[in-house]
Each structure stands twice: as structure tokens, then as C-alpha cells.
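Reviewing the structure listed below.
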Amino acid sequence: MCPLVKVLDRTPGIESMVCVTAQHRQMLDQVLEAFSVAPDFDLDIMSRSQTLTQISARVLEGFEGVLAQAQPDLVLVHGDTTTSMCAALAAFYQKIPVGHVEAGLRTYDRYSPFPEEVNRQITDRLSELLFCPTRANAENIAQEHVEGTVHITGNTVLDAFATTVREDYTFHDQALREVDFAAGPVILLTAHRRENWGTGIENICRAVKRVAEERPNVQVVFPVHLNPVVHDTVHSILGGVERVHLVEPLDVMDMHNAMARSSFIMTDSGGLQEEAPSLGKPVLVLRTETERPEVVACGAAVVAGVEEARIRDLALRLLDDEEFYQGMVCQENPFGDGHASERIARIILEWGGRG
């Protein structure tokens, strides 16, 4: 959302205010600092081992007070988080229109990803303006007979690359500075999805351990999520494994530049699936399905699942088979051209009668 915040700030006719919930305090603050965004409201809801119910209750109650104070004409929420769903619901209760950025993504499996699949369906139902990254997302909305107005804008996440990726970049994270990206293939790995907790994360880590052991020229960079369920599992399996770098969560600048310097990406993240094609990086999706089928259709990603043997085999194939690797280097990102935020700002002006 930060690229959109910056565009709204410089758009005549729009007064933009930012509210954060701080569901993930440290990771949020890294992003805000990278984009020089100062929130007008900070609910600061984070507590250790918080449940989805606790998050929902705190966001609903806290954002109700923000809406009473700010009195906005429109509330913009993003994606599929519990924060976004509850903020949209709080706005609906006050009869304030909602705009959903990154609308229309679907797996049609309510438990995968969990709880994100239901979060985004509810958010779409509550929204008056639906900003879809792709035509396929818009078609999902159409077949569900959702009442809001659909706009195909591309994804705002790609807008950030204009300012984040640089050849002369120096990493903020000290551990990343010690990684020699020129010495051989570097795999960038992320895994944190709730539906992968337990067996899924364990299988992913064991597969990566085998790859590192079988290919002595390969390094793995793994920014480990702070949730103890993820953190403890990862460190128990990959801690101390040679050439596997377990680092703290990266700010957006470090992450984008690490992606740009890596050979390929293994992830259960949705955002990285969208970003990687812009950098020409193949993706192994560490899930059983993806709500971003466009990245698979264009050849830039393979759904690897969460079985140890398949993950290991696909990673080794990308390392060893140049033809297979080059076949996954996407020539055009299906999720947009880096101007989504500008389109959204124009649509808001037109919606408000000021365009």
C-alpha cells in the first residue's frame, strides 16, 4: 500500500490519512521507514501468540474509533489479511464506502490459504470499489455477482520497484552483506503461511537442507518469520546447516534487492509470486495451490506443493537444467506495469466527482 499512499499524497483533490494496526510490529515499521510513511493512526494491537479472534476484536473496536475521528469519504484496504477484512467490516457498519486494493483473488478453498481466502471474499462483498490486478481477478468478481464496481489496475506492489531495486545497493541487514551473491547460485526462501504450520514447514525445511547438502556451491537465504511457530521449527531443522543463512525479516529494500540478486525464489508468499516475474526470477510456490494462476500460466512459477521430495527435485532441476530455468524467465509481468497506484488515484477522483 505504501506506493499508493505516496501517490495519493501528491494527488490534488485527495486528502489521505494512514491507519495501521501493527498486527506485525517489527515488519510493519521496516516498511514504513523504507517508504517514509508516517501513520496518522496506529492501533498497536500486537501481542505475543495472539489469536485470530483477538486480532479481529481489536481491529474492529480500534478502527471504529478512528472512523469516528477521521470521518472519511472512503476507506481503502488491501489484500486478504484479517486486518483488512475487519477494517472493511468496521467501515461497513458506519456506512462508509470501502475500496479493496488487490480484489478478486481466489482459490475457492476456504481453508487454503487460511484464513486469507475467506477474508478476501468477505472484503470484496463489503467493497464499493474493487481494484483488481488482472482480468482473471475481475472475472472472479463478475461470476460471484458482487455488487461493487470493478476496475482492472494492475497490482500496486509492482509500483515499488521503481524506487527499491538498484545495482549499487548496500544491504541494511548485516547478515546479507556477508552473502557472496556472485560465488554461485543463491536461493531466496520464505515460508510462513498458517496452513503450512507444522508438517508443511517441516517438509520445506528438510527439502532445503537436502538441496544445500547435495549442491555444495549453493547458498540459501531464508528471512525467518517472527511467529514462534515458524521461527522455532525453521531453526530446529536448518539452524547450523552450512550455507543456509537464517536472517531476520527483511525490510522491503533488502528483500527486493535480495530477490534481484538471487537465482530463483521458493516461497509460500503471495506478494513474491507477483514481484518475481518483474525481476526475471523463477518461483517455486510452496503451497498446494495459488490464487495467482497468472504466474503459473505465463510460465514463471510452478506449484511445488509441500512434499519434501517434490520440492527438492524441482529445486535441483532449476539448478541443473538451464533450459528448464530459462523457460521460467517471464518476459512480461502478468500483474501489471508499475502504474497501478496512479490508476487507482484517478478512479477515486472520478468516483468522488472530482475527476
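This is a predicted model, so every value here is computed, not measured.
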Distance-only donor-acceptor check, side chains [X] and [Y], under 3.5 Å:
{"X": "T134", "Y": "N137", "value": "yes"}
{"X": "Q143", "Y": "E139", "value": "no"}
{"X": "T190", "Y": "T267", "value": "yes"}
{"X": "R287", "Y": "T107", "value": "no"}
{"X": "S112", "Y": "E289", "value": "yes"}
{"X": "T83", "Y": "T21", "value": "yes"}
{"X": "H256", "Y": "T164", "value": "yes"}
{"X": "Y325", "Y": "D320", "value": "no"}

## Note on the structure
Result for side-chain contact (heavy atoms from CB on, under 4.5 Å) between L284 and one of I187, I265, L318 points to L318

### Query
Step by step, would you call R343 with D337 a salt bridge (Lys or Arg N to Asp or Glu O under 4.0 Å)?
CA-CA 11 Å; R343 293 188 185 95; D337 58 2; 2.6 Å; yes

Are the side chains of [Y] and [X] in contact, using a 4.5 Å heavy-atom criterion?
{"X": "V234", "Y": "F222", "value": "yes"}
{"X": "L89", "Y": "L60", "value": "yes"}
{"X": "I348", "Y": "L76", "value": "yes"}
{"X": "P72", "Y": "I96", "value": "yes"}

### Query
So R177 and D254, salt bridge (Lys or Arg N to Asp or Glu O under 4.0 Å) or not? Walk me through it.
CA-CA 10 Å; R177 294 182 194 174; D254 274 2; over 6 Å; no

### Steps toward side-chain contact (heavy atoms from CB on, under 4.5 Å) verdict (V101, M1)
CA-CA 8 Å; V101 180; M1 284 292 263; 4.1 Å; yes

### Message
So which atom in L286 and which in N196 form the shortest heavy-atom distance, rounded to 0.1 Å?
### Response
O-ND2, 3.0 Å

### Task
Could you tell me whether D124 and R120 have a side-chain N and a carboxylate O separated by less than 4.0 Å?
no

### Message
Check this for me: does any side-chain nitrogen of one of R312 and E213 sit under 4.0 Å from a carboxylate oxygen of the other?
### Response
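Answer for the salt bridge query: no.
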
Distance (rounded to the nearest 0.5 Å) between [X] [atom1] and [Y] [atom2]:
{"X": "R194", "Y": "F114", "atom1": "CZ", "atom2": "CZ", "value": "6.5 Å"}
{"X": "L28", "Y": "D42", "atom1": "CG", "atom2": "CG", "value": "7.0 Å"}
{"X": "D251", "Y": "F171", "atom1": "CG", "atom2": "CZ", "value": "10.0 Å"}

Heavy-atom count around [X] [atom1] within 6.0 Å, excluding the residue itself: above 12?
{"X": "E342", "atom1": "CD", "answer": "yes"}
{"X": "Y93", "atom1": "OH", "answer": "no"}
{"X": "E61", "atom1": "CD", "answer": "no"}

### Task
Give the C-alpha distance, both sets of side-chain angles, the deciding distance and a yes or no for side-chain contact (heavy atoms from CB on, under 4.5 Å) between V118 and Q121.
CA-CA 5 Å; V118 169; Q121 292 196 33; 5.6 Å; no

